[in-house]
2 protein chains.
Amino acid sequence: MIKIAVDGMGGDYAPEPIVKGTLLALKKYENIAITIFGDKDKMAPFLEEHPRLTVVHTPFYLEMGEEDPIKQYRTNKEFSMFKALQALKDKEVDAVVSAGPTQALVVGGHFIVRRMKQIRKIAIAPMIPSYDGRGRYLLDSGAHVDVKAEHMRDLAIYATIVCEQVLKREKPTTALINIGSEPSKGRELDIEAYHLLSNDPNINFYGNLEPKEVFTTEADILLSDGFTGNIVMKTMEGTAVGLGKVLKREIKSSFRSKIGALFMRKALNNFKRSLDASEIGGALLMGLDGIVIKAQGASKEHAFFNGIRQAKEMVEADVINKVAAVLNQKDEENS
Amino acid sequence: MIKIAVDGMGGDYAPEPIVKGTLLALKKYENIAITIFGDKDKMAPFLEEHPRLTVVHTPFYLEMGEEDPIKQYRTNKEFSMFKALQALKDKEVDAVVSAGPTQALVVGGHFIVRRMKQIRKIAIAPMIPSYDGRGRYLLDSGAHVDVKAEHMRDLAIYATIVCEQVLKREKPTTALINIGSEPSKGRELDIEAYHLLSNDPNINFYGNLEPKEVFTTEADILLSDGFTGNIVMKTMEGTAVGLGKVLKREIKSSFRSKIGALFMRKALNNFKRSLDASEIGGALLMGLDGIVIKAQGASKEHAFFNGIRQAKEMVEADVINKVAAVLNQKDEENS
C-alpha cells in the first residue's frame, strides 16, 4: 500500500476540490491510502467515509498569499501543510501532495523533510505544456536563484531518472536554456554547466536551447537556475494568457467572427486545453528526501487528482533510491 | 536634412526589401537623405534614381549566421554594415539602420561608433508586442550578460527619454523584470537595481514585474540584464509561434473548424498581426554615441521602412544629447 499525505487546506479553492480529488484518487487506485490534514469542519461538507482515508484535524492552514513562510514555520508547526510534511519525515507516509503556497512548501520541505544528502540544491520542476502534448520538465522554476553548475547537473540526473522510470521515455534528453546554441554562449554558470552536462554519462545532453524553441523542442528536460527557470515559466504563462485575451477580443469584434467561433468551438477548446498545465499535473520538488508534489494553486478536482497520481507513480518507481544510487556511485568514482 | 546610412546587404532577404524600404522612406519623408552601402550589382535590380539617395559600393557583406563578428571586424572593415557605422563615426550621417546580424552590429557599434562616455554598458532595446498594441521597450535583450545595477539604471534613464521625446508618452514607467513583486525578490543584482530605480528622480519606477504580466502590463519599459532580457524575448516568441502552430493544427483538424476559420479570417489576421514585431519597428542600440537601429533580420519592405522611420524620429528628438545632459547633471550632483 502506498501512503500519501494530502494538505487538505492548501490551494485557491480549498478544501472542496482537494477533498474531492482525494476521494477520486482513492476510488481510482486501489493501492493507495491517504491521510488528509486540515480543518475537519471546513472539509466535512465534501468528505465521505472511505476505508483507505484517514482525516487528521488541525485548525491551522497557510493563506495562499503567504509572504513569510519561514516566520510561519518558526511560529507554528501545526499548519496543515507542515503536518503533512512531518508525516513524510516520520516515514508515516511515502509522499506529500499540496496545492498550498509554493515557497512555503519549499521552506517546509527544507526544514522538515530535508534534502537528500546527495543533492545540494533542491529544485521546483513543473511540467510545462508542449506542442506535442506530452509535456516537458522545466527546472528549477524558482527554488534557488543562486546555484552552481554541478547542482544543475545533479538535478538533471534526477530529472532524467524520473523521465525514464515514471514517464517511460527512452533516453530522455536534457537541454540547457541559454541565449544561443554555441557552447560559449551565456553566463559563466551556463558555460560551466554546458561542459558538465556534455561530459556526464548519466545525462543525454541535447545542447543549448534558445527559448524560442521552448514550446516545440524535442528535449524532455529544460534546465536552468531558479531565477531563469521562473522567468521562462512566467513569460510562457504571460504570453499564452495575453494571446488568449487578444483572440477573445478579436472574436468579439464582429458578428461574422462570433459565428466563426461557434463553428470552431471544439478547436478553440482544444487550443485552450493544450495550454492548461492542470491537464498534466503538478510540480515535483526534486532533491528532498521524500516525494513532495506541488499541485497548482488553482487546482480543481481533476488537477489535484493528477497531483496524487504523480505522487503514486514516483513512489512506485522508487525514484529517490534510484537517484541516490547513481549519485553515490558518481561520488565513489570521483573520490 | 537628416542623413541616414543604410546597410543595403543586411537581413535574411537582402537586398530587395532593404532597397525597397529605403525608397519608400525617401518618398514618404522629404527631410531625409539616405546613403546605402552594398553590392551595386546585387542591389541594381531594385534601385531607382533618387535625388536624396547615394549608393556606395562595397562587395563585402556579413552573412546572417555570422558567429564571429569580432574576427570579421579585425579582418575586413569594408563590410557594408561596418562602412555604414564608419559613416556615423565620421559624422557623415546622423543614424544607421541595418537588418544584419545583431551581434555584429553590437561589435561594430562598440569598435567603430563607440559608447557615449556617460553609458558604461550598451543595450539592445526592441519593441515587444503588447495587448494594447502600443508596444513596450524591452532591455537589455542581449548585448551584455554581465551588468551592474547602475548600468541598468542609466539605461532606464535613456529609455525614459526615448519614450517621452519620441513616443510622446507622458511619465513613461520602468518595470524591473523579476520573479516576485516584493523589493527583496530576485538576485543581488535585482535587489540593488530595485533600490536605485525607486530612488531616481529621472525614472518613474513601476516596481518589480513578474513576466506573467509581460504582454498586458501598463509599464512602458521592461528592464533586466542582457541574459534575462534575451530569455524573456525568446520565450515570448517561442510561446507565440508555438501557440500559433497549435491553433493552425486545430483549425485543420475538422471541416467544421475550417468553415469557422473562414468566417473568422479577419479576426485571425488581426490576431496574427498583433504578434508581429515588424509592425512596430526595429530595436534601438542604446548607449552608442550615435543612433543605430537594428531592423529585424526577417525584415520585409514595410518593416525596414519602419526602422528608417524610427531612426529619423530619434534624430529629430535629439535623444542622445538629451540623455547625455541628464547623465552629466547626475554626475555633477554626485561629485
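Throughout, a chain's letter reflects where its sequence line sits, starting with A, and its residues are numbered from 1.
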Whatever's closer than 4.5 Å to a heavy atom in chain A on D190(B) counts as side chain
Looking only at N230(A), V145(A), T216(A), I179(A), the option with the highest number of non-hydrogen pairs under 4.5 Å against chain B is I179(A)
Chain A shares the most heavy-atom pairs under 4.5 Å, among D225(B), T217(B), D146(B), V232(B), with V232(B)
* Do other residues, nucleotides or ligands put more than 12 heavy atoms under 6.0 Å from E218(A) CD? -> no
Do the charged groups of E237(A) and K212(B) touch, with an N to O distance under 4.0 Å? no
Is F227(A) close to N178(B) at the side-chain level, that is, under 4.5 Å between some pair of heavy atoms? yes
- Message: In the structure I gave you, are the side-chain heavy atoms of T239(A) and T235(B) within less than 4.5 Å of one another anywhere?
- Response: no
Residue from E213(B), R187(B), M236(B) scoring the most non-hydrogen pairs under 4.5 Å with chain A is R187(B)
OG of S181(B) to CD of E67(A), rounded to nearest 0.5 Å, is 6.5 Å
**Message:** Measuring only between side-chain heavy atoms, which start at C-beta, is K245(A) closer than 4.5 Å to F215(B)?
**Reply:** no
Whatever's closer than 4.5 Å to a heavy atom in chain B on E188(A) counts as neither
Interatomic distance, CD1@I231(B) vs CD1@I231(A), rounded to 0.5 Å, equals 9.5 Å
